Amino acid sequence: MKAIVFNNLGSRLNQQLESFSLRVSYLLADYVAAAGTSSQDIYFDEVFKGADPISQLMVIETFYKNTNEPMAEAGQFIDILKRMAKVKHPNPQQIMIRKNLEKKVDALFKAVVDQMREVALRTGLMELGPLLDGKTFGLYSMNGYDLEDEKQKHFTASKLLTLQLPDPEQAPEFFFISYEFMLPEFTRKGTVYHAHETEAANTENCWLHKCFTFPNINLLKAAELQAVRSLLMQPGSGFRQQFDNWIKNAEGRSGEESVAQFKKNILPHVASLQAAILQNEVLRHCSAIQNHGVKIDIYTGEVPLPVLWSYFEHYGVIKEPTRQKLNELLKKDKGLSKRVPVMCVMNSRLQEDATTPPAAKEELPQVQPVKKSISVD
Amino acid sequence: MNKIPAYHYFNVRKQQSECCLEFDSLTEFSRFVELHNLKTIFRLLNNTGQHSHFAVTHKGGLLQQSNLGFEKLEDYHLAVKNGFPDSASFYEAAKDGYTTYEDYLLVKEAGINDKKLFEELKLNGFIDGFKEYDTQLKTLPGAQYISSIANAYQLMEHCRKNGFNTFSEFKAAYTRGFSDAHTCKIATERGFPSLADYNEAQQKSIQSYTDLQFIRQHQLRDKADADRFMDLEILMYTKCMHDQRVLLVLLSKLEQGKRISINKLNDLFETTQQTYRYPDTNELPAWYTRQFTGREDIIEFLTKHPTVKKYGTYDTDGEFFEINHMKDRKVVIDGSNVAHNSHGNGNSKPYYANILQLIAFLKEKGFTDITVITDAALRHRIADANRLNDLKAAAEYLEAPKENPADVFIIQYVKKHHCLLVSNDNFREWKVQDPWVAENIDYYRLSFLIKGETVMLPDLK
């Protein structure tokens with residue numbers, strides 16, 4: 001069972017939920033792959049450590065881009081530094097000027113990185129670094145600025161989203177998506193059904209079924225995640241095996257058969273694994289820290305691949321070049337319109353938005369009263 | 001003797017000597033040989049052809065000694081040096097690759113057949129470590145007694161079973177009370193110095209040692225108690241007792257513009273205060289300070305305390321509390337959210353003009369205490385930066401510190417002041433992280449719409 005969590009720089013997908021998806025995948029699956037640019041946040045400190053002055057200036061320029069800050073023009077200093085580096089025998093004054101400039105750039109760079117670090121810490125991604133062992137947790141690294149760039153051994157988004165993975169001998173894979181999939185701004189393009197609804201049998205439709213509930217495991221450190229994973233391995237073995245079989249046997253199977261097999265073979269194992277999750281000491285403590293008030297639900301189901309592509313496109317994970325390539329691939333291979341297994345992370349506090357009906361396009365945007373009060377009657 | 005000399009050996013079957021001496025011990029024989037710097041040693045074979053004695057000749061005499069089973073005198077020296085009591089154990093150990101009697105004994109007692117395993121024991125410090133464990137560690141106060149550890153191999157097995165790779169890892173954890181590596185690692189990452197501290201934190205639903213120290217310092221019972229304590233402590237009502245603060249928070253959540261009888265208010269207060277009592281003892285915490293002893297104290301508080309006026313007025317004749325309309329409340333504007341929200345579109349360019357329009361609307365509705373909080377970065381992205389001075393003149397203007405996102409700053413501000421908040425951000429991700437936000441933010445948040453000249457706040461009646 002291999003989970004794929006895909007995100008990219010500048011997307012609108014919530015990074016805390018990305019962290020959550022990676023953590024749940026780590027606990028439940030044999031292997032989890034973080035695809036895209038998550039590595040930049042996971043390895044935040046390493047990414048920015050030892051940056052040379054020119055790289056530092058590029059980071060500063062990107063950080064202040066589209067602002068009125070003088071540092072938005074930091075790029076002009078890149079040329080200056082490059083020209084200085086070309087001088088073969090700089091005199092002491094030139095050396096001093098260059099060193100002063102580099103020192104100032106370094107100070108500004110550190111301030112920028114500190115601000116970025118504060119934000120990155122909150123996502124929970126940085127905590128995942130120690131788990132990246134290549135055996136249980138790996139990366140499909142991509143060039144965040146060009147997802148179709150294959151240089152420097154980057155993986156491409158079009159290959160990922162058409163399941164042309166570099167390690168086919170590994171476990172059967174599924175995508176991990178988050179609650180944004182259920183938001184009206186996206187679902188107005190279609191409806192998500194429950195497994196028990198007859199529409200779920202139609203392979204053009206999406207369906208999801210609630211399987212697991214976790215506390216807010218973004219609070220856990222790497223060592224705690226490792227401890228929980230090792231304790232859930234045995235109780236989860238039946239679930240993983242049936243899930244793998246369900247994915248492997250997808251070829252030639254009707255939509256109705258797929259849903260039926262899910263209910264018959266996988267759901268019985270869900271209950272026992274959920275019981276193990278509830279009994280796990282580390283997870284119970286995690287829940288108690290938030291007064292047992294925060295519960296994150298994991299749904300499992302199927303989504304047509306083109307709908308998955310639309311989800312990633314809608315939230316800015318993939319851009320036009322990738323979308324074009326996917327469309328071309330779909331034209332050549334109609335089989336790519338198939339449904340693929342997914343898991344989806346949801347929370348009751350987030351779900352209220354997911355169930356709000358979408359507003360009509362032509363009407364004035366609606367705004368509803370939201371303030372609660374204690375009744376005095 | 002430090003350096004073991006080398007000898008030349010000759011096997012001899014028959015000996016004939018008029019002078020034949022036998023030494024007292026092989027040690028004495030060795031000493032004689034060394035003293036006289038003799039290099040040639042005869043190995044005397046008995047009738048069955050077995051080598052039974054060492055012998056040397058000296059001044060015509062034959063000096064011999066039983067070999068005690070040793071093939072060479074050098075072997076005897078080695079055996080003595082490495083503590084072997086006899087030749088049998090020496091040669092058996094040598095066959096298996098062990099050089100000291102201690103190692104040999106350890107292996108025999110533990111039943112180890114694998115030399116690699118033995119080297120692993122040594123490399124990971126368990127040989128010496130077992131001595132330390134046996135003599136010192138297991139008697140440490142608070143140390144968990146581990147039965148059935150009789151030798152280094154058993155110690156290593158025990159350690160491996162519990163996740164420790166080396167003796168030093170085990171010792172570091174053991175001296176702090178931990179018996180398994182996983183728990184030790186988790187506790188260490190959270191800053192706990194000992195198992196006892198970690199267990200206490202577990203029982204109290206506390207995550208880190210810093211938090212544990214905090215609850216100990218303030219004599220709080222557990223995480224839930226600490227949350228309730230902090231929610232009251234953060235409030236701006238610094239001169240109020242805790243029960244007064246509870247009442248003020250209650251007043252901040254009541255339906256605006258309505259009247260509530262003192263009896264009803266008292267009931268609501270008692271119900272709210274009940275949530276601070278410990279469920280097992282039904283007592284209020286020791287940290288919870290009280291001013292009210294009864295209804296009359298509440299009435300006096302409502303009548304006289306200046307902070308109450310933010311929320312309403314008590315009518316002594318009618319015995320009711322008239323809750324202020326929203327316009328009389330302090331309101332904070334989520335500046336970044338409002339600036340970006342032209343035409344209800346959260347993705348539009350940000351404008352100070354939006355915020356100014358909202359402020360004007362609020363003032364028109366009678367609001368007087370208005371604060372705007374923005375991200376530090378907003379003024380670098382704003383489309384109409386020249387309007388900042390107008391904004392500062394129109395309302396109190398605060399920028400969140402650079403190291404904090406404005407969301408955090410706004411939430412802290414609302415927690416402190418229990419004021420109204422104008423924002424279309426429903427703080428959904430914060431609701432997952434912060435129980436206070438989940439339970440309380442919607443008592444204070446007002447949504448809005450700005451489209452052209454129109455401003456709508458549907459929560460304002």
Side-chain angles (χ1 to χ4, degrees), chain A residues 12 14 16-17 20 63-64 66-69 71-72 111 114-115 117-119 122 179 216 218-224 226-227 230-231 281-282 284-296 347-353 359 364-377, chain B residues 182-183 185-186 188-190 201-202 205-207 222-224 227 250 253-256 258-261 264-265 268 323 326 343-345 377 379-382 385 402-405 408 420 424 426 428-429 431-435 438-439 442-449 451 456-460:
Chain A
R12 292 195 292 125
N14 182 278
Q16 285 168 341
L17 289 177
F20 196 88
F63 185 78
Y64 285 105
N66 299 328
T67 73
N68 298 328
E69 279 276 352
M71 279 301 112
D114 280 346
Q115 287 184 62
R117 195 173 194 280
E118 274 301 315
V119 174
R122 279 181 224 286
Y179 88 104
N216 182 8
N218 266 1
L219 297 175
L220 298 180
K221 296 223 175 238
E224 288 164 323
Q226 283 168 327
S230 68
L231 289 167
E281 279 300 323
V282 176
R284 273 163 62 168
H285 180 63
C286 178
S287 184
I289 286 166
Q290 293 193 301
N291 300 322
H292 306 289
V294 179
K295 295 192 193 304
I296 313 284
N347 169 262
S348 56
R349 288 171 185 170
L350 305 171
Q351 268 162 268
E352 59 199 26
D353 289 327
L364 194 70
Q366 298 291 317
V367 61
Q368 305 292 328
V370 295
K371 188 184 178 305
K372 291 193 316 191
S373 297
I374 295 176
S375 170
V376 300
D377 297 323
Chain B
H182 262 320
T183 309
K185 192 173 176 192
I186 291 169
T188 306
E189 279 194 357
R190 298 272 180 204
Q202 292 284 101
S205 305
I206 297 294
Q207 212 177 3
D222 52 26
K223 173 79 171 33
D227 284 345
L250 175 62
K253 293 180 181 177
L254 296 175
E255 275 181 276
Q256 312 293 292
K258 293 220 171 170
R259 291 178 179 181
I260 180 170
S261 70
K264 172 81 181 174
L265 184 59
L268 281 176
I323 303 148
M326 280 196 216
H343 313 288
N345 177 6
R379 62 185 155 87
H380 303 302
R381 293 185 169 87
I382 205 88
K402 276 189 182 155
E403 57 276 8
N404 261 337
V408 173
L420 298 171
N424 281 345
N426 56 18
R428 53 183 168 229
E429 281 90 30
K431 285 178 180 174
V432 175
Q433 289 185 66
D434 184 341
E439 286 157 31
D442 291 330
Y443 283 106
Y444 303 103
R445 190 172 74 84
L446 310 176
S447 58
F448 70 94
L449 174 69
K451 187 174 170 71
M456 287 168 58
L457 261 75
D459 294 292
L460 286 185

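Protein chains get the first letters and strands the later ones, always in sequence-line order, with residue 1 at the start of each. Since the model is a prediction, treat every value here as computed from it, not as a measurement.
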- Any donor and acceptor pair, going by atom type alone, linking the side chain of B:D442 with main-chain N or O of A:V370 inside 3.5 Å? no
- Task: Of all the heavy-atom pairs spanning B:S205 and A:A288, show the shortest one and how long it is.
- Result: OG-CB, 3.1 Å
- Task: Report yes if the side chains of B:H182 and A:S230 come closer than 4.5 Å at any heavy-atom pair, otherwise no.
- Result: yes
- Region of B:R190 that comes under 4.5 Å of a non-hydrogen atom in chain A: side chain
- Query: Heavy-atom count around B:K185 NZ within 6.0 Å, excluding the residue itself: above 12?
  - Reply: no
- Message: Which atoms of A:L219 are under 4.5 Å from chain B, going by heavy atoms: the side chain, the backbone, both sets, or neither?
- Response: both
- Message: Can you tell me which of A:Q290, A:Q226, A:R284, A:E224 forms the most heavy-atom pairs within a distance under 4.5 Å of chain B?
- Response: A:E224
- Below 4.5 Å, heavy atoms only, C-beta onward: do B:L268 and A:I374 meet side chain to side chain? yes
- Item | Region of A:S287 in contact with chain B, defined by heavy-atom distances below 4.5 Å | neither
- Note on the structure: With chain A, the option among B:L446, B:T183, B:I323, B:I186 that has the most non-hydrogen atom pairs under 4.5 Å is B:I186
- In Å and rounded to the nearest 0.5 Å, what is the CD1 to NE2 distance from B:I206 to A:H285? 7.5 Å
- Task: Return yes if some donor-acceptor pair links the side-chain N/O of A:K371 with the main-chain N/O of B:Y443 below 3.5 Å, else return no.
- Result: yes
- Item | Segment of B:K264 engaging chain A (4.5 angstrom heavy-atom cut-off) | side chain
- Query: Is it the side chain or the backbone of B:D227 that comes within 4.5 Å of chain A heavy atoms, both, or neither?
  - Reply: side chain
